[in-house]
Amino acid sequence: MKVLLNEEQLRAGIARLAEQVRQHYAGRPLTLVGVMVGSIMLLADLVRLLDMPLRVELIQSRGANKGTKRPGPLVIDLELLMSDIRGRSVLLVDDLFATGQTLWELVPQLDELGPASVRTAVLLRKQGRQQVSLQPDFVAFDISDVFVVGYGLDYNDRYRNLPYIAELEPQETGG
Ligand code: IMP
Ligand code: MG
């Protein structure tokens, strides 16, 4: 396991991300929607840096890779999105943008609930994996196509609790 982004680098990158978000919305009421489980660390840090009116919601997108390299069918569960996002600015927050399939499927579903806008923010964008035309609106870090864990990201439910982002070597993922 090799540290890719240490705690200090993460903090700086998330501060830059928060500043971009703050400037973009300029005080307009914002609903942050975190994609469980991977985004919880980013979401918690981001909301503490955003000095503006906001709501926080969580949704689950099941079946998306499940912490392995294998892609799977994506089933999205919006039932947890309890508050009415109609007319509000929505920022979908996810840990990592790889193929883009997750956000590609989530954005139109949120759009159907009638928000003023739906934008996307991710901690990491993996280079060379994109399969959709959508790009995230806010990106903290671009990384190469390696398997990463920590700061919310898991491999078979392990390593989420690491306070930094580490690269798992191929022998550690059994592939
Ligand atoms: P996408 O739909 O291909 O963009 O995949 C995004 C999701 O796949 C992320 O939210 C993660 O849950 C998972 N994922 C993709 N790459 C990694 C990785 O390197 N480590 C852990 N999870 C990953
Ligand atoms: Mg995820």
Side-chain angles (χ1 to χ4, degrees), residues 1-7 9-11 13-14 17-18 20-21 31-47 56-81 90-112 118-175:
M1 191 147 57
K2 188 170 90 193
V3 176
L4 208 62
L5 295 164
N6 64 31
E7 290 179 67
Q9 290 169 315
L10 280 177
R11 217 174 1 255
I14 293 158
L17 186 78
Q20 287 170 20
V21 169
T31 300
L32 289 162
V33 178
V35 183
M36 292 195 288
V37 175
S39 74
I40 57 170
M41 310 279 186
L42 173 62
L43 190 66
D45 282 341
L46 197 55
V47 296
V56 181
E57 298 288 341
L58 290 164
I59 56 175
Q60 180 113 50
S61 102
R62 290 167 300 181
N65 297 336
K66 278 284 172 202
T68 72
K69 287 178 180 170
R70 255 169 271 275
L74 189 57
V75 184
I76 287 158
D77 183 358
L78 288 173
E79 278 160 38
L80 282 171
L81 186 56
V90 170
L91 183 63
L92 196 51
V93 178
D94 205 359
D95 49 5
L96 192 149
F97 186 88
T99 66
Q101 200 63 39
T102 304
L103 294 184
W104 174 256
E105 295 194 25
L106 279 173
V107 169
Q109 294 191 50
L110 289 175
D111 241 337
E112 278 188 14
V118 180
R119 290 197 167 71
T120 55
V122 295
L123 180 71
L124 307 171
R125 175 170 53 192
K126 238 185 227 192
Q127 294 302 301
R129 294 284 302 278
Q130 275 79 351
Q131 289 174 6
V132 300
S133 54
L134 172 139
Q135 281 293 330
D137 297 285
F138 306 96
V139 177
F141 299 99
D142 277 300
I143 61 168
S144 57
D145 187 9
V146 294
F147 198 85
V148 288
V149 293
Y151 195 73
L153 286 151
D154 76 305
Y155 173 68
N156 289 342
D157 294 320
R158 284 191 66 194
Y159 310 117
R160 276 195 210 283
N161 46 348
L162 297 177
Y164 49 83
I165 297 283
E167 173 185 344
L168 275 195
E169 327 269 355
Q171 66 269 21
E172 295 173 293
T173 63

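Just follow the structure's listing: the first ligand is 1, and inside any ligand the first atom is 1.
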>> Using only atom types and a distance under 3.5 Å, with no angle test, would you say the side chain of Thr120 pairs donor to acceptor with the backbone of Asp137?
In response: yes
> For Ile59 and Leu92, what are the C-alpha separation, side-chain angles and deciding distance, and is it a side-chain contact (heavy atoms from CB on, under 4.5 Å)?
Replying inline: CA-CA 10 Å; Ile59 56 175; Leu92 196 51; 4.0 Å; yes
> Taking non-hydrogen atoms only, is Val35 closer than 4.0 angstrom to ligand 1 via side chain, backbone, both or neither?
Replying inline: neither
> Less than 3.5 Å between some nitrogen or oxygen of Gly100 and one of ligand 1, yes or no?
Replying inline: yes
>> Could you tell me if Gln130 and Arg125 have a donor-acceptor pair between their side chains, going purely by distance under 3.5 Å?
In response: no
> Quick one: which ligand 1 atoms are inside 4.0 Å of a heavy atom on Lys126?
Replying inline: 16 (N), 17 (C), 18 (C), 19 (O)
>> On a heavy-atom basis, which atom in Gln127 and which in Asp142 lie closest, and how many Å separate them?
In response: NE2-OD1, 2.7 Å
> Say you draw a straight line from CE of Met36 to CG of Leu58; how long is it, rounded to the nearest 0.5 Å?
Replying inline: 5.5 Å
>> I need the Leu123 CG to Tyr151 OH distance, nearest 0.5 Å.
In response: 6.5 Å
> With atoms numbered from 1 as shown, which atoms in ligand 1 lie under 4.0 angstrom from a non-hydrogen atom of Thr102?
Replying inline: 1 (P), 2 (O), 5 (O), 6 (C)
> With atoms numbered from 1 as shown, which atoms in ligand 1 lie under 4.0 angstrom from a non-hydrogen atom of Asp154?
Replying inline: 21 (C)
>> Would Val148 count as being in polar contact with ligand 1, using the rule that some N or O on each side must be under 3.5 angstrom apart?
In response: yes
> Of the backbone atoms (N, CA, C, O) and the side-chain heavy atoms from C-beta on, which set of Val146 has a member under 4.0 Å from an atom of ligand 1: side chain, backbone, both, or neither?
Replying inline: backbone
> Judging by distance only, is a nitrogen or oxygen of Leu153 under 3.5 angstrom from one on ligand 1?
Replying inline: no
> Quick one: does ligand 1 sit under 4.0 Å from the side chain of Gln131, the backbone, both or neither, non-hydrogen atoms only?
Replying inline: neither
> Do Gln101 and Glu105 pass the side-chain hydrogen bond (donor to acceptor under 3.5 Å, both in side chains) test, and can you show the C-alpha distance, the side-chain angles, and the key distance before you say yes or no?
Replying inline: CA-CA 6 Å; Gln101 200 63 39; Glu105 295 194 25; 3.1 Å; yes
> Given Asp94, Val149, Leu106, Leu96, which has its nearest heavy atom closest to atom 6 (C) of ligand 1?
Replying inline: Leu96
